[in-house]
Every structure is written in structure tokens, then in C-alpha cells.
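Beneath this line is the structure, given in C-alpha cells, with notes to follow.
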Amino acid sequence: MYYGHMESEKETRALVKLKGQLERITYENDENSYIVAKVKVYGYTDLVTIVGNIPSPTPGEILNMSGEWVNHPKFGMQFKVVFCECSVPASVAGIEKYLGSGLIKGIGSVMAKRIVKKFGEKTLDIIEESVEKLLEIEGIGRIRTEMIAKAWEEQKEIRSVMLFLQSNGISSAYASKIYKKYGNQSIDIVKKNPYRLAHDIFGIGFFTADKIAKQLGFDEKSPLRAEAGIIFKLHKLTDDGHVYYPMEDLISQLKDMLNVDESVLGIAMQSLLAENKIVIENLKSDDAEIQGIFLSGYHFAEVQIAKKLVEIRDFPKNIEENCLDATLKYIQEKLSISLANKQIDAVKSAVINKFLVITGAPGTGKTTIIKAILEISDIVSEKILLAAPTGRAAKRITETTGREAKTIHRLLEFDPVKGGFKRNEDYPLDCSLIILDEASMIDTLLMNHLLKAIPKSTTLILVGDTNQLPSVGAGSVLMDIIDSKAFAVVELNEIFRQAQQSEIIMNAHRIVSGEYPKIDNTDGTDFYFIKEDDQEKVLNKVLSVVKDRIPKKFGYDPLNSIQVLTPMNRGVVGTIRLNEALQNALNPCGFEIIRRNGRYRVGDKVMQIKNDYNKNVFNGDIGIITAIDSENQTVTVNIDGNDIIYDYSDLDELILAYAASIHKSQGSEYPVVVIPLVMAHYVMLQRNLIYTGITRGKKLVVVVGSKKALFVAVNNNKVFQRYTRLKQRLVSQQSVKM
């Protein structure tokens, strides 16, 4: 295989030629195929360091290189590769290294040694032409032989796909993903419609697909391009939280993005309408008529949510209010509690209404209310289900109530064969009461899936905190429901005595009220502020606090009990830089592999960043890497006690999670939270963001950074506008039953 770029004849003659065997790769960036590697060059005593763009090299391969020697100021002499041709090794040692590199599933370093010992220089020919002879090797049975044969063929196809993609402007990182999706049709499909990649392959966006299309000669005004651009832009807008977008604004942005005129976009939209991929709706906004454009799935979901919520609300409920006061008295005695007036109102509303929203900040007694509602439901023999949007939130409900709670995804039972949830209107949930906690996190699509599975005879209670950040997914479901004034809502605002002893809770309430938090750092407090304005010093102090100061003073385990939360992903104290630093501080020596999005080591804390229904893991789930199998090219991650197996090609679904964004922390609760806060985060410094971060801490919160940044965040109560229509769809409904 050949890699490189064209040079003039004069430049070509000036290049130095080297040939050698690739020994090991010390750095690899799959995004641009740049590597730093050690090569055993013929005629050289020491290994030669090479640098350059060589897609998916494999240790053991023979490299025929052309390039130039450069003297790096830090790393010394290196050979900068301009041209490179890779070929399979011919020597026994090279073949062993080649097979033992993890290139072929089913062959690791130990098995490679056995195979090469048996077949010597004919090893690769045996695998290619007479793979059944591998049965002669101890430890290789028919199943492994079939695995090796399949992996060998796949590898050849992946290399072909990789070379095709590389020549058309896409990195080799996605070759195996594309092959896994399309198989032997990969090249034909990409040639026919490269824009499919943006939809079908996780990690490939429209602009990468567009780059490939241009390389393949697609016209800039191609209908496929315009349609793909519209769908891409609408998906990006849903990522920003919008369920729909004003047509006029969308057209303006698309014209700039695609460099096409409005007529091309109009034709593309008509095609998308005909294919039911989008919906255009005439909407009233501030007494003006506008057109809103929806992805069809979001439009359907929003309409169905409004319809189903009203159905649930209006379905008759048999109650005996005469006994309610006596029942409440009995429950309080049983639980040894004394409910405040607002809490009593909440419990009564839960008994009277078919649909109820309970909101309140930490310390206002939401958990106590849930317990009381559960006790009453037991008395009347109701079948109860408890749920939350995330695994950590569900686990917390289980711990506080003593009853099993599930994530919504697990409650709805994903079917990997059919590719959807088993629970729906045809196979509804068997319950008479559902309590959904952390309801501010639930987005439009997930809410629709949940409501489809809830019988209209069931009582539904949403519990949440409207002061938190809105859902990561599109929509503003909880706020739209409350703002519609179409349903019973109980808002809790009294802070109970026990909660008043926590500065975390008191500061959270101060922030909600626009007041500066109390930061006196007295002994015994659970809220500390460490002042530092310089970003690099903030980074170093975060490392010190996590690794040394908190464990020594309070005894918390840095890996399992302390979570760093930060407003942004980029920057000196963004998640990317923090994770690299925390990984090296807390887990410097684990067995590792290097992938496009970083290093993964046994013992690392990692987070899932997309819903993967086949693995039954979801966006925001956190786990620990427990094993890396280079022979089978898999990584095992323990998430909530379950071992999840990832192929190497799926590792872009994982990121390090020593530090996480505050957005990703929603619904979670950690014993200790450490938050770096600097003015470089200015664009993200909002009241609901800092409030959400602080309220994730259960026992201890430490903020490290600038007092000015904290002041800016507390005083910025502007809420980013999301374009949704759920409130308007609900607002015309009947008056709420009280």
C-alpha cells in the first residue's frame, strides 16, 4: 500500500529513502493518520524515530519510506515521511510481530508465536489460502479458526475501504465502522451517496461527508447535498435544544452554510416533505404568523405528548377524599415525620389528580413526599413503578425509598432485534402509578416513548427541579407543562431545618435567588471556595485537591467518590485537558491502548456519550475499564455492576470521565464535587449552570477559581431560548382539575 502526496520531480530527487520494519507506534492520531513510531531500519544500529501521515500502520509491516531528516528541538533527530509504501513482512520475526499486534481478532502475541513457530515464513500464505491448517496449533479450535479467517478477510476489505477513504479526504479512523455498517458494499455505497455517512456512521458529520462528495465530483447544487444539509442543520438545532426552527432563520443559515440560493433549498425541502422527513407548520409567535420547520419525528413526538398528557389527566380516578386526612395522619406516624402544609398539599394532589408535577430545590422535602405517596399507594394496593432518566438518578431513588427504580430506557425494554422499545401502546406498562424523578432532564423524544407505554388509567407524577439546566436533548418538557397551566403543579420552597445545616443546600438557594454564596471556608462546612485567577494554577490546584487534599482531610476515594465538573470541554480547565491531567495523576500506569479520542487504560473512569441500546448503555453512564484484550480487540467496562464489552472500533462512544461537563452531570449525584470556574468560561457562566453543578454534590463541594467568574454566573439569569410548541399545544386544553 502506498501513502503520500505528489511532489515535483526536483523535490522527489532530494528525498532520502529508508526501508525497515515497523517495531512500535508511540503516538497515533486517527483523525489525520499522523504517527510517531520506531522503525528498525536496515543498516542502522538503533531504532529510527519516524513521523508522518501513515494510515493504520501495523507493527511488523515493512515500510519503504521517502522523506527527510529533521532535528526536533525536544526529541532530537527524526525521519519525516513524505512517501510510504507498506507491505507484509517476509521474515519470521516480522510476521510474528505483525500477527501479534492485534491486527487479527483471535490472534494475540502468544498465539502468534505458536503459529509462526509451526509455519514459519509460510504463515501468512497459510492464513490466506489454507486457514484450516491452523487447527494443527494447540489452543486453536474450529470456532477460533473461523474467527481468524473472517477477521483476515475483513481486514483486507477494511484496508481497501481505508485506502479509498484516505484518497477522498476522510481519516482512516472510520474505515472499520463503515465496513461494519455496509460490509463489502462500502465503497459502492459511499460513491453513490456519501451523504449517507453523516446519518449512518457515528462520528462522521455533514462536513466530512461533503468533503468526500466534492472529491467524488458531486455538484455543489446537487439535490442530495441540499437535502443532507437541511437534515444535518435541523439535527444540529435539536442538539441545541430546539424542537423546531423558524423557516426564515433556517433558510438564511443554510444559504451561508451550503453556498446555494433559495430555489435549490426550496426544491430540497419539497423532496423532504414528500418523503415525510420534515414537517412545516404555520405558527403564531408574538401575534405574528411564522413558519416553523420540524424534523418529522420531533413534530410527531410533541403532538403525541400533548394528546397523551390530556388523556391521562382527564381519565376518571376513583378516590375517597373523606379518608385522606386520617390516612395522612397514619402515614406520618408510621414514617415518624411531620409534613409541612405544602407537603400535605402535594400528597393530597397526588391522590386526587391523575397527573401531577412536584417541583422544588434540594432540601424542600421532595423525597419525603415521594415516600408518603408510596405508602398511601400501598394502602390502596396500587402497582407502582419508579423511574428516572439516568442510571445514577434511578439508583438514588432506590437508595432513598428502598424500592427498585429503573431508568426510562430499561423500563421501556429495548428490543435489539426490532430496534425499538418493547413497551408501547400495544404492550403497555403494567402499573397504576408511575413516579418519574429528575423530570427536568427528560427530552421530547424520550417523553413520547414513555407516554406511549403508559395506560391512560395510570396516575403519572413528575418530580423535578426547574432551576436546573434543561434537558440535554431537544425540548423543554417540564417547563412547558408547568407554563401551560393545564395541569396540577405543587411548588415547594420551604427549606427544612436539617437541610439548613448544609451550606451546599443553602448556597444553592442563595444562587437561585441571585445572591452570592457564603464562602467563609470554616471548619465543618461542606462548601469550600479556593480563590485562584490564573487558569494553569487552577488546573494544578484541582489536581492537588482531588489527588491529595480531599482524600487526606476527608478520606474520600478520588476515583469512586470525587467528580470534577466543569462548564466547558475546551480550554485549560475544560474536560479534555482536565481528563488528561487527572488520568496521569490518578491512573498513570495501567495497560493502555491509544485511539483517536485519547488513551484508555485499565482502571480508567469513562463515560458513555451516546445511547447504545444493543449494549443497554446510555448517554451519561459512567464506568471503570476493567480489562483490555488486545487479542480480541475488546475493552471491558464495568457500568453499574455490569460488564459491557466494546470493540476497539466502538471506543469513540467512550470518553474519560475523571472530569465531566456540568451538562453531562444532570441527574447524577456524587459524594464530592470539585468545580473549576474561570472567566475563560464566560460564555457558559449562567445561574442555572453553576446551580446544577453545586447541587450534584452530596457531602462536599469545592469550587476552585475566580470570584469574579462566580459573581458573573450568579448574576446571569438569562435562559437560552428553545423553540418548542408543547406549551402552546397544551395551553388550549381545559382548566386543570383541583
Side-chain angles (χ1 to χ4, degrees), residues 22-28 30 56-61 95-117 123 127 131 134 137-156 158-159 172-177 179-180 202 559 583 587-610 612 614-617 621-657:
L22 179 60
E23 290 294 307
R24 64 178 181 273
I25 299 165
T26 57
Y27 173 79
E28 183 174 11
D30 281 341
S56 297
T58 303
E61 282 186 319
I95 292 171
E96 183 181 320
K97 183 176 287 292
Y98 183 67
L99 287 180
S101 66
L103 176 75
I104 304 299
K105 277 192 177 184
I107 302 179
S109 57
V110 174
M111 192 57 66
K113 186 182 292 292
R114 290 183 193 169
I115 295 172
V116 173
K117 184 178 179 181
T123 295
I127 295 174
V131 72
L134 294 181
I137 307 295
E138 181 186 352
I140 296 185
R142 189 157 298 281
I143 292 176
R144 181 175 286 204
T145 301
E146 291 172 358
M147 181 195 302
I148 292 169
K150 181 181 178 183
W152 182 259
E153 288 302 314
E154 283 184 358
Q155 189 60 36
K156 289 196 298 182
I158 289 170
R159 287 294 182 102
S172 60
Y174 299 110
S176 59
K177 279 181 169 291
Y179 182 79
K180 184 182 289 187
F202 177 68
L559 189 64
Q583 181 191 45
N587 188 31
C589 301
F591 178 77
E592 71 174 25
I593 57 170
I594 303 171
R595 308 303 292 173
R596 179 175 61 89
N597 50 341
R599 297 171 184 267
Y600 296 90
R601 295 173 182 156
V602 172
D604 275 340
K605 182 194 291 188
V606 291
M607 177 186 289
Q608 176 79 14
I609 58 171
K610 64 166 287 194
D612 190 327
N614 292 315
K615 293 188 183 77
N616 205 26
V617 291
D621 283 353
I622 289 179
I624 302 294
I625 294 178
T626 57
I628 296 175
D629 185 342
S630 57
E631 182 171 305
N632 292 304
Q633 298 179 31
T634 60
V635 172
T636 303
V637 182
N638 188 274
I639 298 176
D640 293 332
N642 300 309
D643 285 337
I644 311 298
I645 309 298
Y646 291 79
D647 282 341
Y648 280 6
S649 60
D650 294 331
L651 289 180
D652 57 357
E653 296 180 9
L654 294 175
I655 58 173
L656 292 177

> Any side-chain heavy atom of Lys615 within less than 4.5 Å of one from Gln608?
Replying inline: no

>> Applying the side-chain contact (heavy atoms from CB on, under 4.5 Å) criterion to Ile625, which one of Val637, Leu656, Leu654 satisfies it?
In response: Val637

> If you round to the nearest 0.5 Å, how far is CG of Leu99 from CD1 of Ile107?
Replying inline: 5.0 Å

> Which atoms form the tightest heavy-atom contact between Val131 and Ile127, and what is the distance?
Replying inline: CB-O, 3.7 Å

>> Working to the nearest 0.5 angstrom, can you tell me the gap between Asp621 CG and Asn616 CG?
In response: 9.0 Å

>> Among residues at least two apart in sequence or on other chains, which ones pass side chain to side chain donor-acceptor pair (under 3.5 Å) with Glu592?
In response: Arg599, Arg601

> Shortest non-hydrogen contact from Tyr646 to Val617?
Replying inline: OH-CG2, 3.8 Å

> Between the side chain of Lys113 and the main-chain N/O of Glu96, is any donor-acceptor distance below 3.5 Å?
Replying inline: no

> Distance-only, no hydrogens or angles: does the Arg114 side chain make a donor-acceptor pair with backbone N or O of Glu138 under 3.5 Å?
Replying inline: yes

> Given Ile137 and Met111, is the side chain to side chain contact (heavy atoms under 4.5 Å, CB included) satisfied, shown in steps?
Replying inline: CA-CA 9 Å; Ile137 307 295; Met111 192 57 66; 4.1 Å; yes

> CG of Leu22 to NZ of Lys97: how many Å apart, nearest 0.5 Å?
Replying inline: 8.5 Å

> Do other residues, nucleotides or ligands put more than 12 heavy atoms under 6.0 Å from Lys610 NZ?
Replying inline: yes

> Which pair of heavy atoms, one from Gly603 and one from Asn587, lies closest together, and at what distance?
Replying inline: C-ND2, 3.4 Å

> Nearest heavy-atom pair of Ile25 and Pro59: which atoms, and what distance?
Replying inline: CD1-CD, 4.4 Å

> At their closest point, which heavy atom of Asp643 faces which heavy atom of Thr626, and how far apart are they?
Replying inline: OD1-OG1, 4.3 Å

> Got a second to check how far Asp650's CG is from Asp612's CG, nearest 0.5 Å?
Replying inline: 7.0 Å

>> Could you measure the distance from the CD1 atom of Ile644 to the CD1 atom of Ile639? Nearest 0.5 Å is fine.
In response: 5.5 Å

> If you look at every heavy atom in Asp652 and Ile609, which pair is closest and at what distance?
Replying inline: O-CD1, 3.5 Å

>> Exactly one of Leu651, Val635, Ile655 should register a side-chain contact (heavy atoms from CB on, under 4.5 Å) with Tyr600. Which one does?
In response: Leu651

> Can you tell me how far OG1 of Thr634 sits from CD1 of Ile645, rounded to the nearest 0.5 angstrom?
Replying inline: 5.5 Å

